[in-house]
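Structure, as structure tokens:
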Amino acid sequence: MKNKIFNSFDEAVAGLPDGSTVMFPGFGGVGLPRNLIAALHRQGAKNLTGVSNNAGALDDKVDVGTLVEAGQMKKMICAFTAATHPSRVTPFVEMYNKDEIDAELVPQGTLAERMRAAGAGIGGFYTPSSVGTELAEGKEHREINGRMHVLEHPLFGDYAFIRAWKADTFGNLQFRLTQRNFNVVMAMAATVTIVEVENEIVEAGELDPDHIHVPGIYVDRIVTIPPDGIWY
Amino acid sequence: MKNKIFNSFDEAVAGLPDGSTVMFPGFGGVGLPRNLIAALHRQGAKNLTGVSNNAGALDDKVDVGTLVEAGQMKKMICAFTAATHPSRVTPFVEMYNKDEIDAELVPQGTLAERMRAAGAGIGGFYTPSSVGTELAEGKEHREINGRMHVLEHPLFGDYAFIRAWKADTFGNLQFRLTQRNFNVVMAMAATVTIVEVENEIVEAGELDPDHIHVPGIYVDRIVTIPPDGIWY
Amino acid sequence: MAEKPKLERQAMCDRLAMEFQDEWIVNLGVGMPTLCSNYVDPSRDIITHSENGVIGYGPLAEEGKEDGHLVNAGGQFVTAQPGMSILHHADSFAVIRGGMVDVTVMGAYEVAENGDFANWRIPSRKGGGIGGAMDLAACAKRVFIAMEHNTREGGPKLLSRCTLPITAPGVVKLLATDLGLFEITPEGFVLREHAPGWNPEEIQELTDAKLIIPPDLKEFRFRA
Amino acid sequence: MAEKPKLERQAMCDRLAMEFQDEWIVNLGVGMPTLCSNYVDPSRDIITHSENGVIGYGPLAEEGKEDGHLVNAGGQFVTAQPGMSILHHADSFAVIRGGMVDVTVMGAYEVAENGDFANWRIPSRKGGGIGGAMDLAACAKRVFIAMEHNTREGGPKLLSRCTLPITAPGVVKLLATDLGLFEITPEGFVLREHAPGWNPEEIQELTDAKLIIPPDLKEFRFRA
């Protein structure tokens, strides 16, 4: 079996080229691969396009906003470009207002489904979400069974950074509760999937085949979070 | 909590109207809801449209072919209309050759994805499967990223008959190994989902929330297979 | 007049929650609507759904008893309930787009008499926050809104037409503000219940849209 | 000439399996191709995929040791292997359409020099059996075919153009018949290896399409 286990986050993200599209899961801070993001920050790749639910929060923890602030991102594709509260100005908002970073705002369900389509080999799909709004302007419309839909396209990644609960040596992954969020579709949509895992990596065969959330065929590199890693 | 537990297969399928579209999972005989099919055979509804991987095998067991042979089906939507071996003539093939039953032949992946689209509120999707073949004739074509695709439409059911391994009182379901097959997308695609389950129904809370294959919101009626039920 | 007490946010959310019916799948948006979860009629059998992939979660977790892996759409720690299940994001929005959600409760900047509403973008600011609101608004069976009746500056928020970019057209069915409960009908806003001490004329004065005042107008119903 | 021994089915499938590379995800169709699973080079690290939602299953189950819930695409009972995982049908075909399958091995009625092949419908019969063949043929990285060189009646199956309705256009890369191994190139069928005792002229005589005979033509390689 191919060895997918890497000894450090720095080794796991080494060689990630400038200009890559990188997918970052996480919702409310849960399932967010903070250790891999910190390693990418140290690694320094530039002109990246990020795919993420938001463009970074405003706390002292490492998240997508850390890469934005460091000038590593040229564009964010996400469901929130504004900060969650108008009074809080994130690094992203500051740069966005000065046109120093680009953004594509996507309804959250469409964002998830576009990644699922990329992973599932679907060339495009029609959704009723966003019809009648500014975000549907310029998109192809089609009435299906009396209801208007817009055409949406698959969203591929070069890399997905994943935060998992358990992994085996083949790369099979399990998530715990709402940690799952975007992790599954991002692992499917990206060419190279890199995982930080909260538990020791177990031998193939130790995870129940009925309860694998991401099959190992989608997973390329796995690192166990060390005791001094970023846990929350 | 709404009571979803029914005492018998006959009660669970009572009132299924003539003309309904009924989805039947199962692959290689595994995950096939034989007890519910037998009850529908006794119930006698007619002019049904069936959705299934095949149109019935040629053994002495109850399956979709039982309903075909009894004249209950007016149409089958499936990935196999011919018998798996040319020398074996199923009831379906006999009737199909005499134009006594209608059929729509769909590539298996497209069949599964059309049901997933129905469940997921997707109005239509583009797939490269079947392009360049007789089955793509008359379908809308579109070139996406240099590759030709055809447009496929969601496939809804009035009823899904499901065979599960475990269930709880809320209707959450788990499947074992390749029993899962079409069961998940059919439960999502159908208005009324009726389940035969191989184990005793447990209390809500006894199944791990991280390992539910079909959430109970998709499930309407559950019957435990009795010792004298059809097990294989 | 401005001195008269208005309705508390909790009362507004309670009032909307009183409309929830047995077996409804209920999605509560970020902010004020999460207050709805503080009041669920114990005789009612509500199923909660959160866009980040939880069906059947329970009340907010007590401090010190949070499970770091279980949050709601607002990122708040919630508790597990028997029968809960977890989905990934694409499957969670399959539930939403598939029409399984009976009601979604959201906040808004503006609501119009044609059922349009706006809650994701202020034109003076670049960008916005859609989250799952557009999917929910377009696909849930009913959209309920909880918001203050007026802006901080005293401007109207119940309009004949939205001025901000909308979240979805023609979907709002019921609206609770700090001045009352409003149904949106093909004819426009119907004032169903007024805040105690407020008469229809006073409410109309603070409203841009023309209010329909039905003969059976009632006083606002509080939680029992 | 008809008396000369041809290749056994197992030898044909072994030969195709010898082309599998480390880490390949391999999908074996119903019928003859499942024989490929009898031979997997132990030095090779192959990952099996079956359309009914299994990744990483093992050899056929011994009689009496079958698990009633675990079958392959042909409905045969197979064994579990460490690292195996299960998907539902839509996710299983997401693997296929998503381009994860490195090779699919199928049977066929006809293969054409342009890479077209036909394996789902005989026009004299109404209907047909597509199963997952169209999805796999359109989306796997490589399509290998294992079939007899001629029909039972002695007719040709390697054609300049298919006469039957095709399963996918232009996808076949490698073909094993009971007379040899054929590569399909932009120029057409190249006879890479001939069955022992058969010369290219004899094979051409039983073939409708024009065969390209390369200078480095070899004898068929058997399993070591």
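Keep in mind it's a predicted model, so treat the numbers as computed, not measured. So that the names make sense, note that chain A is the first sequence line, chain B the second, and so on, each numbered from 1.
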Nearest 0.5 angstrom please: [X] [atom1] to [Y] [atom2], how far?
X	Y	atom1	atom2	result
S130(B)	I130(D)	OG	CD1	8.0 Å
E51(D)	N53(B)	CD	CG	7.5 Å
M134(D)	E134(B)	CE	CD	7.5 Å

For this session: Take atom CD of E8(D) as the centre, draw a 6.0 Å sphere, and report whether it contains more than 12 heavy atoms from other residues, nucleotides or ligands.
Result: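 Atom CD in E8(D) is not crowded, with 12 or fewer foreign heavy atoms closer than 6.0 Å.
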
_Report which part of L136(D) has an atom under 4.5 Å of a heavy atom belonging to chain B: side chain, backbone, both, or neither._
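Contact with chain B is absent: no heavy atom of L136(D) under 4.5 Å.
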
Which atoms of N72(D) approach chain B - backbone, side chain, both or neither, heavy atom under 4.5 Å: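 Just its backbone gets close to chain B.
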
Non-hydrogen atoms of chain D under 4.5 Å away: do they reach the side chain of [X], the backbone, both or neither?
X	value
W165(B)	side chain
N181(B)	both
E198(B)	side chain

- Query: Given the options A112(B), G109(B), A55(B), which has more heavy-atom pairs under 4.5 Å with chain D than any of the others?
  - Reply: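 Sorted descending by pairs with chain D, the first entry is G109(B).
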
Checklist line | When R176(B), R114(B), M115(B), H213(B) are compared by non-hydrogen pairs under 4.5 Å with chain D, the top option | finding: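 Maximum pair count with chain D is reached by R176(B).
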
TODO: Using heavy atoms and a sub-4.5 Å threshold, report which of residues 160-168 of chain D line up against chain B, by residue number.
DONE: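 Checking residues 160-168 of chain D against chain B gives P165(D), I166(D), T167(D), A168(D).
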
List the atom of [X], the atom of [Y], and the distance in Å for their closest heavy-atom pair.
X	Y	value
V131(B)	P169(D)	O-CD, 3.4 Å
A138(D)	S129(B)	CB-CA, 4.0 Å
L177(B)	L70(D)	CD1-CB, 4.0 Å
V185(B)	A90(D)	CG1-CB, 3.6 Å

Quick one, [X] and [Y] - any side-chain contact, counting heavy atoms below 4.5 Å?
X	Y	answer
E113(B)	F93(D)	no
W120(D)	L105(B)	yes
K126(D)	T81(B)	no

_Geometric class of the H89(D)/F182(B) ring pair [parallel <30°, tilted 30-60°, perpendicular >60°]_ =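 Taking H89(D) first and then F182(B), their aromatic rings lie parallel (interplane angle under 30°).
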
- prompt: Who wins among G53(D), A73(D), A94(D), G128(D) for the most heavy-atom pairs under 4.5 Å with chain B?
  reply: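 Of G53(D), A73(D), A94(D), G128(D), G128(D) has the most heavy-atom pairs under 4.5 Å with chain B.
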
Residue pairs, two or more places apart or on separate chains, that pass salt bridge (Lys or Arg N to Asp or Glu O under 4.0 Å) and touch residues 145-162 of chain B: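 Checked against salt bridge (Lys or Arg N to Asp or Glu O under 4.0 Å) - neighbours excluded - the pairs reaching residues 145-162 of chain B are K139(B)-E152(B).
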
Test item: N52(D) side-chain N/O and F27(B) main-chain N/O as donor-acceptor pair under 3.5 Å: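 Looks like no, no N/O pair under 3.5 Å.
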
